[in-house]
2 protein chains.
Amino acid sequence: MTAAKHDVFQAIADPTRREVLRLLADKELPISEITSHFPISRTAVAKHLHILSEAKLVRGEKVGREKIYQLQPETLIEVKQWLSYYERFWDNKLSILKHVVENDDENGFTMIKDDCE
Amino acid sequence: MTAAKHDVFQAIADPTRREVLRLLADKELPISEITSHFPISRTAVAKHLHILSEAKLVRGEKVGREKIYQLQPETLIEVKQWLSYYERFWDNKLSILKHVVENDDENGFTMIKDDCE
DNA sequence: ATAAAATGAAACCATATAGTTTTATTTATT
DNA sequence: AATAAATAAAACTATATGGTTTCATTTTAT
């Protein structure tokens, strides 16, 4: 197959699309419901869904008059594989922790120590 | 800190920039050398490096008349963290293997089974 | 002291991106 | 049968992106 116009990396580059993926991770949803979570038009959301669809991150099925989208999470494995090349640089967990702490307020994560039994 | 114009996800969206990261993973290089690996102008490469720099994926240091760029791999941890949210969908290795096999010729990877002792 | 090397910076260009509004089509509902 | 709901498709817009060429600056070399 020839490479599609949008690949996974481009697809996840947009913050709105990443939010859409998060939504669909919880459950499959029709376009209108997805739209209700964003301040943009339904048409704009539909376009994002097309891009996600091209990248195979999401799959849409027409049911009655609505089109229901669901996450296709396996595709993200491509990203994981790409990342794995760089894991050698931080396969020691300390470097990860260091980075996370240093960027605590930037990344929108609240960090909780994993093994605080 | 306010979000920079380019974040990690946008930075890695471009194939050329991903190749640049690969190059720098091996060793730090000056702009001109990086350029020699691509069919585009030095100026274009410099721009890519600026974007990677904004995203903190690389760091450039001026040494004499050249500017030497090196990889800043910790930043990729942000991507790993983002991905981890979806790991629950394929934390069973079979689904990963399934995906990899099905897309063998598309992703340019040769897969070797990990634990084939 | 000049010339060459390496980069920086500016101006420009074509296309892509992310959004809009408008119009049409399909499918329920009443 | 008529209306409302959900989406599809098209046309348009502003800005971003990825590239170019040209000119200036800084730093070796000869």
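None of the values given here were measured: they were computed from a predicted structure. Labels below follow one simple rule: chain letters A, B, ... track the order of the sequence lines, proteins then strands, and each chain is numbered from 1. Atoms considered below: every heavy atom in the structure, side chains included; atoms not considered: hydrogens, waters and symmetry mates.
Comparing D/dT7, C/dG8, D/dG19 against the side chain of B/Ile31 picks out C/dG8 as the nearest.
Counting only distance, with no hydrogens or angles, the side chain of B/Ser53 and the backbone of B/His50 share no donor-acceptor pair below 3.5 Å.
Stacking of A/Arg59 on the aromatic ring of A/Tyr69 is not recorded, the 6.0 Å distance cut-off and the 45° axial limit not both being met.
Remark: B/His48 is in phosphate contact with D/dG19, judged by side-chain N or O atoms under 4.0 Å from OP1 or OP2. Contact annotation: B/Ser41 side-chain N/O to D/dG19 OP1/OP2 distance is not under 4.0 Å.
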Legend entry - Derivation of the salt bridge (Lys or Arg N to Asp or Glu O under 4.0 Å) call for B/Asp7 and A/Arg18: CA-CA 13 Å; B/Asp7 72 338; A/Arg18 289 199 300 277; 3.5 Å; yes
Legend entry - Test side chain to side chain contact (heavy atoms under 4.5 Å, CB included) applied to A/Lys80 and B/Leu83, step by step: CA-CA 7 Å; A/Lys80 191 190 180 66; B/Leu83 261 190; 3.8 Å; yes
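A salt bridge does not link A/Lys56 with A/Glu74: every distance from a Lys NZ or Arg NE/NH1/NH2 to an Asp or Glu carboxylate oxygen is 4.0 Å or more.
You'll find the ring centres of B/Tyr86 and B/Trp90 outside the 6.0 Å limit.
Atom-to-atom, CG of A/Leu49 to C1' of D/dA9 comes out at 16 Å; the value is rounded to the nearest Å. Between B/Ile68 atom CD1 and C/dG8 atom C1' the separation is 17 Å, expressed in whole Å. If you measure from atom NZ of B/Lys67 to atom C1' of C/dA5, you get 17 Å, rounded to the nearest angstrom. Note: CZ (B/Arg42) to P (C/dA10) measures 14 Å, nearest angstrom. The distance from atom CD1 of A/Ile34 to atom P of D/dA6 is 13 Å, rounded to the nearest whole Å. Taking atom CG of A/Leu29 as the reference point, atom C1' of D/dA6 lies 15 Å away to the nearest angstrom. If you measure from atom CD1 of A/Ile40 to atom P of C/dT20, you get 6 Å, rounded to the nearest angstrom. Atom pair A/Glu61:CD and D/dT7:P shows a separation of 13 Å (rounding to whole Å applied).
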Would you tabulate the pairs of protein nitrogen or oxygen atoms and nucleotide nitrogen or oxygen atoms of nucleotides 11-17 of chain D closer than 3.5 angstrom?
unit_1: D/dT17; atom_1: OP1; unit_2: B/Gln10; atom_2: NE2; d: 2.4
unit_1: D/dT17; atom_1: OP2; unit_2: B/His6; atom_2: NE2; d: 3.4

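For the residue pair B/Phe38 and B/Leu23, the shortest heavy atom distance occurs at CE1-CD1, 3.8 Å.
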Inset, instruction - Assign a letter to each nucleotide of nucleotides 25-30 of chain C from its 5' end: B, base within under 4.0 Å of a protein heavy atom; S, sugar-phosphate only; -, no contact. - result: --BS--
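In the hydrophobic cluster analysis, where Ile, Leu, Val, Met, Phe, Trp and Tyr join through side-chain heavy atoms closer than 4.5 angstrom, B/Leu57 is grouped together with B/Val45.
With contacts defined as side-chain heavy-atom distances shorter than 4.5 Å, the pair A/Trp82/B/Leu76 qualifies.
Taking the nucleotide of DNA chain C with the nearest heavy atom to each of A/Thr16 and B/Ser32, the more 5' of the two is matched to B/Ser32.
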